[in-house]
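Read the structure below first, then the notes.
All residue numbers refer to positions in the sequence shown, counting from 1.
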Amino acid sequence: MWLSTLTAALFTAFAWTAKAAEEGEVRSIAPYLDSDMQSRWFDFGGDTIVRTDSYIRLTSDRPSQSGWLFSRVPLTATNWEVEVEFKVSGKNQLYGDGFAMWITRQRATPGDVFGHADNFEGLGIFVDTYKNNRPGVVFPYVMAMSGDGQTSYDKNTDGRPNELAGCSARGIRHATVPTKLRLTYFYDKQLKLELQYKAEGEWQECFNLANPPTIPSVAYLGFSAETGELSDNHDIISVRSKNLYQSPGTSGSKSSTSGKGRGSYTKPYQPDKGGSWTWFFTKIILVILVAGAAYVGFTAYRTRQKSHRF
């Protein structure tokens with residue numbers, strides 16, 4: 001009885017975990033909150049507002065706001081892909097400042113870099129909508145910065161001194177189609193950012209790096225935004241992440257690109273759904289079942305030994 005109950009519980013847990021592993025390590029899709037008004041995957045704070053049927057609003061279209069959203073579960077895989085639907089909108093002709101996506105060792109640490117702490121360790125992707133001092137660059141501008149825990153983001157020049165790669169994205173604010181970003185990372189092989197904002201299903205390659213910086217092996221996925229004298233609504237609509245098991249592949253076609261970091265189009269990556277996650281958890285279950293059977297056998301043997309003494 002004890003063994004059958006344990007087996008059923010283990011297989012139930014295995015099925016849920018394997019499904020979560022296939023679908024993604026982290027996800028946030030409407031209604032965002034569970035029945036107890038909490039999120040299984042994320043914490044949020046600052047001026048963030050959750051509309052359970054619509055969006056997670058990091059900042060509203062008001063001056064001097066700052067909000068954040070950070071995963072509770074770290075990204076620990078070597079290779080992964082994160083896809084985010086977001087929306088930047090507002091009523092004013094002048095607007096700012098922008099929002100950021102973080103994959104950093106620091107978690108839920110408010111600060112003055114798009115609402116997150118400076119001197120971060122990991123990767124920051126900045127969707128910067130207000131131009132401070134970047135001559136010759138069209139805004140909104142999307143850029144990446146690799147942080148070593150000691151280097152500061154230079155607000156006065158919109159991060160130019162430490163820019164890893166980036167691209168202009170005119171039209172990403174108030175776009176007529178759902179705006180999305182897709183970040184793909186293969187350790188020591190590729191870091192690619194794609195954007196959707198011109199036409200639904202059409203991805204613009206922002207940059208594609210063949211020698212990416214190393215991202216911490218345990219890093220948290222997060223989002224933050226801030227407004228100053230100028231403001232905007234910065235909304236997160238959905239977040240999906242998944243582990244990748246296939247090496248990057250390339251095709252002969254080219255994507256539409258702008259800005260720095262241009263490169264050849266890379267095929268969308270699909271995880272090997274019959275791969276290592278399922279086998280890993282299968283081995284765990286087998287070990288536990290063998291241990292349980294050994295325990296039951298030892299208990300029965302000890303009971304028989306005691307009965308022979310009387």
> For the residue pair Ser60 and Ile49, what are the closest heavy atoms and their distance?
Replying inline: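 That closest heavy-atom pairing would be OG-CD1, 3.8 Å.
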> Between Glu85 and Pro178, what is the shortest heavy-atom contact and its length?
Replying inline: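 Minimum heavy-atom separation between Glu85 and Pro178: OE2-CB, 3.5 Å.
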> Any luck finding a side-chain donor-acceptor pair between Ser231 and Asp61 under 3.5 Å?
Replying inline: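 Ser231 vs Asp61: donor-acceptor pair found between side chains.
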> Side chains of Gln196 and Glu194: is there a donor and an acceptor less than 3.5 Å apart?
Replying inline: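 No.
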Any donor and acceptor pair, going by atom type alone, linking the side chain of [X] with main-chain N or O of [Y] inside 3.5 Å?
X      : Y      : value
Asp97  : Leu230 : no
Thr48  : Gly67  : no
Asp232 : His234 : no
Asp158 : Lys131 : no
Thr179 : Phe86  : yes
Ser152 : Asn119 : no
Asn162 : Thr151 : no

>> Against Leu191, only a single residue in Leu164, Thr184, Asn211 fulfils side chain to side chain contact (heavy atoms under 4.5 Å, CB included); can you say which?
In response: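 Only one option passes, and that is Leu164.
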>> Just to verify, which of Leu221, Leu181, Leu183 counts as forming a side chain to side chain contact (heavy atoms under 4.5 Å, CB included) with Val84?
In response: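 Among the candidates, only Leu181 passes.
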>> Any salt bridge linking Glu81 with Lys242? Criterion: basic side-chain nitrogen under 4.0 Å from a carboxylate oxygen.
In response: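 Salt bridge: yes.
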>> Take a 6.0 Å sphere around CZ of Arg72 and say whether it holds more than 12 heavy atoms from other residues, nucleotides or ligands.
In response: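 Enclosed.
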> Are there more than 12 heavy atoms of other residues, nucleotides or ligands under 6.0 Å from atom CG of Asn92?
Replying inline: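 Yes, CG of Asn92 has more than 12 neighbouring heavy atoms, counting only those of other groups under 6.0 Å.
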>> Would His116 and Phe126 count as a ring pair (Phe, Tyr, Trp, His ring centres under 6.0 Å) here? Give the steps.
In response: CA-CA 11 Å; His116 187 265; Phe126 310 130; 9.4 Å; no
Please table the atom pairs, donor to acceptor, closer than 3.5 Å between any side-chain atom in residues 99-115 and protein atoms at least two apart or in another chain.
unit_1	atom_1	unit_2	atom_2	d
Trp102	NE1	Ser224	OG	2.7
Thr104	OG1	Gln106	O	2.8
Arg105	NE	Glu121	OE1	3.3
Arg105	NE	Glu121	OE2	3.4
Gln106	OE1	Glu121	N	3.0
Arg107	NE	Ser71	O	2.8
Arg107	NH2	Asp43	OD2	2.3
Thr109	OG1	Arg107	O	3.1

> Checking side-chain hydrogen bond (donor to acceptor under 3.5 Å, both in side chains) for the pair Ser66/Asp47: CA distance, chi angles, key distance, verdict?
Replying inline: CA-CA 6 Å; Ser66 176; Asp47 294 306; 5.7 Å; no
> Between atom OH of Tyr185 and atom OG of Ser241, what is the distance when rounded to the nearest 0.5 Å?
Replying inline: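 These two atoms lie 15.0 Å from each other.
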>> Check for me whether Arg173 meets the cation-pi criterion with Tyr95, that is, NZ or CZ under 6.0 Å from the six-membered ring centre and within 45 degrees of the ring axis.
In response: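 Verdict for Tyr95: a cation-pi partner in Arg173.
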